[in-house]
Amino acid sequence: MPKFFEFGVSGGWSREARWQRDFSAGTTSSGLAAQLEQGRLCGEVGEALFPKIGYERSKQQQRLGSFGVKESRRRWLRRLGHERTSTKEEYSRSSSRFTPQAILQWNRRPVYSGVPPRVVVITSGKGGVGKTTTTANLGMCLARLNFKVVAIDADVGLRNLDLLLGLENRVNYTAMEVLNGECRLDQALIRDKRWTNFELLCINKPRYKMPLGFGGKALTWLVDALKKRPEGSPDFILIDCPAGIDAGFITAITPANEAVLVTTPDITSLRDADRVTGLLECDGIKDIKMVVNRVRSDMIKGEDMMSVLDVQEMLGLPLLGVIPEDSEVIKSTNRGYPLVLKKPPTLAGLALEQAAWRLVEQDSMKAVLIEEAPAKRSFLPFMGG
């Protein structure tokens, strides 16, 4: 029986442009030292879990780790036609004519696509698939890319976004106090100390129930107020949607114009995701992308889990990212520290960073199945072949 494994290919870019884009994305978000460590982490399993461009990038970083940073800069300069930049003086003369940022492209940020601010709701229908984890890590990735981000926890009775971000002790005011006139909007916004361009807004406190007057119009008013802030409108407004398709779901999707559907490769999650997709389209949200979470390549090879290609064929949605199963997710959740900030970076954290880049540029990836050649058997099986 032939075995299969899976990887993705990002669309819309040439191979050279994709390589430069992803290489610069990684170095901007995690630093060159973390990228060298990433090359060692992704060497064996990167081909099965990551997009093709990510695996090419990991191989390039392995070369960087073996040659060193100084040698890599010389190779970049020789690639652009500066073959004689071998000494320090010649390197300084060449850099005086060209800016190092333009040569190395380490400080390049993704190209913002769409009209700001973009209101994105993260939903799934089924609980426990990773909506809150995806919201926290995508928001932190966008903030690290120098975008202004406001994350709204729309789960009133069971809010958890503040726990994943480590901000639970700083929630003094919520959106309900803003609507009741007890505080200002800037008092209810909690600014992260690690990245000051990331802010959190909770709808209500956990011990309170949702008031009868709160609905889609109230959340739309809050979003409009964020757009008209004197400090400037945010680039992204991420709404963490509660589980289910009841009143909380309808309230969360009302002000959104984009949606990220988080699902896992199991039949119960896919049924709920298909139902939620229909409700989002009926509400007028046409830009829907999918994130497949908790993917295990060993189970896909053993045909015990549906592949990402099967999930995409069932739902018919563009693929934003594939997040592998990672034990570091639970550790980061318990510590209140987003996974994408961990050094050295983990496999799931790197996949979330790539998903954030695609979200900024409104790009998608394509799942591909490749058949492995069966192992060749020896003519002398009794000798161990």
Side chain to side chain contact (heavy atoms under 4.5 Å, CB included), that's the test. Do L315 and L270 meet it? Break it down for me. CA-CA 8 Å; L315 297 179; L270 292 178; 4.0 Å; yes

List the steps, then state whether salt bridge (charged side-chain N to carboxylate O under 4.0 Å, His left out) holds for R229 with E199. CA-CA 13 Å; R229 292 178 62 190; E199 295 175 314; 2.8 Å; yes

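Residue N257 is tested with V119, V121, V115 for a side-chain contact (heavy atoms from CB on, under 4.5 Å); the sole match is V119.
A donor-acceptor contact shorter than 3.5 Å is absent between the side chain of N180 and the backbone of E182. Not a single donor-acceptor pair under 3.5 Å links the side chain of N160 to the backbone N or O of L163. Looking at D326, its side chain never comes within 3.5 Å of a backbone N or O of V329 through a donor-acceptor pair.
Going from atom CG of L167 over to atom CG of L200 covers 6.0 Å, rounded to the nearest 0.5 Å. In this structure, L320 CG and L138 CG are separated by 7.0 Å, a value rounded to the nearest 0.5 Å.
The side chain to side chain donor-acceptor pair (under 3.5 Å) test applied to R170 returns no partner, not counting sequence neighbours. Remark: T174 pairs with E177 by the side chain to side chain donor-acceptor pair (under 3.5 Å) rule, at least two apart or across chains. Looking at residues two or more places apart in sequence or on another chain, you find a ring-ring contact (aromatic ring centres under 6.0 Å, His included) between F236 and Y112, F147. T133 is linked by a side chain to side chain donor-acceptor pair (under 3.5 Å) to nothing, counting only residues two or more places apart in sequence or in another chain. Under the salt bridge (charged side-chain N to carboxylate O under 4.0 Å, His left out) criterion, R271 pairs with no residue, sequence neighbours left out. K126 pairs by the salt bridge (charged side-chain N to carboxylate O under 4.0 Å, His left out) definition with nothing, not counting sequence neighbours. Residues that satisfy the salt bridge (charged side-chain N to carboxylate O under 4.0 Å, His left out) test with E328, not counting sequence neighbours, are K331, K342. In this structure, the side chain to side chain donor-acceptor pair (under 3.5 Å) partners of E325, at least two apart in sequence or on a different chain, are R294. Residues forming a salt bridge (charged side-chain N to carboxylate O under 4.0 Å, His left out) with R184 (at least two apart in sequence, or on another chain): D186.
Pairs passing the salt bridge (Lys or Arg N to Asp or Glu O under 4.0 Å) check and including a residue from residues 232-259, sequence neighbours excluded, read R118-E258. Contacts classified as side-chain hydrogen bond (donor to acceptor under 3.5 Å, both in side chains) and involving residues 273-283 (residues at least two apart or in different chains) are not found.
Between S269 and D272, the side chains place no donor N or O within less than 3.5 Å of an acceptor N or O (distance only, hydrogens not considered).
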Name every donor-acceptor pair, under 3.5 Å, that has one atom in a side chain of residues 217-228 and the other anywhere in the protein, sequence neighbours excluded.
| residue | atom | partner | partner atom | Å |
| --- | --- | --- | --- | --- |
| T220 | OG1 | G216 | O | 2.7 |

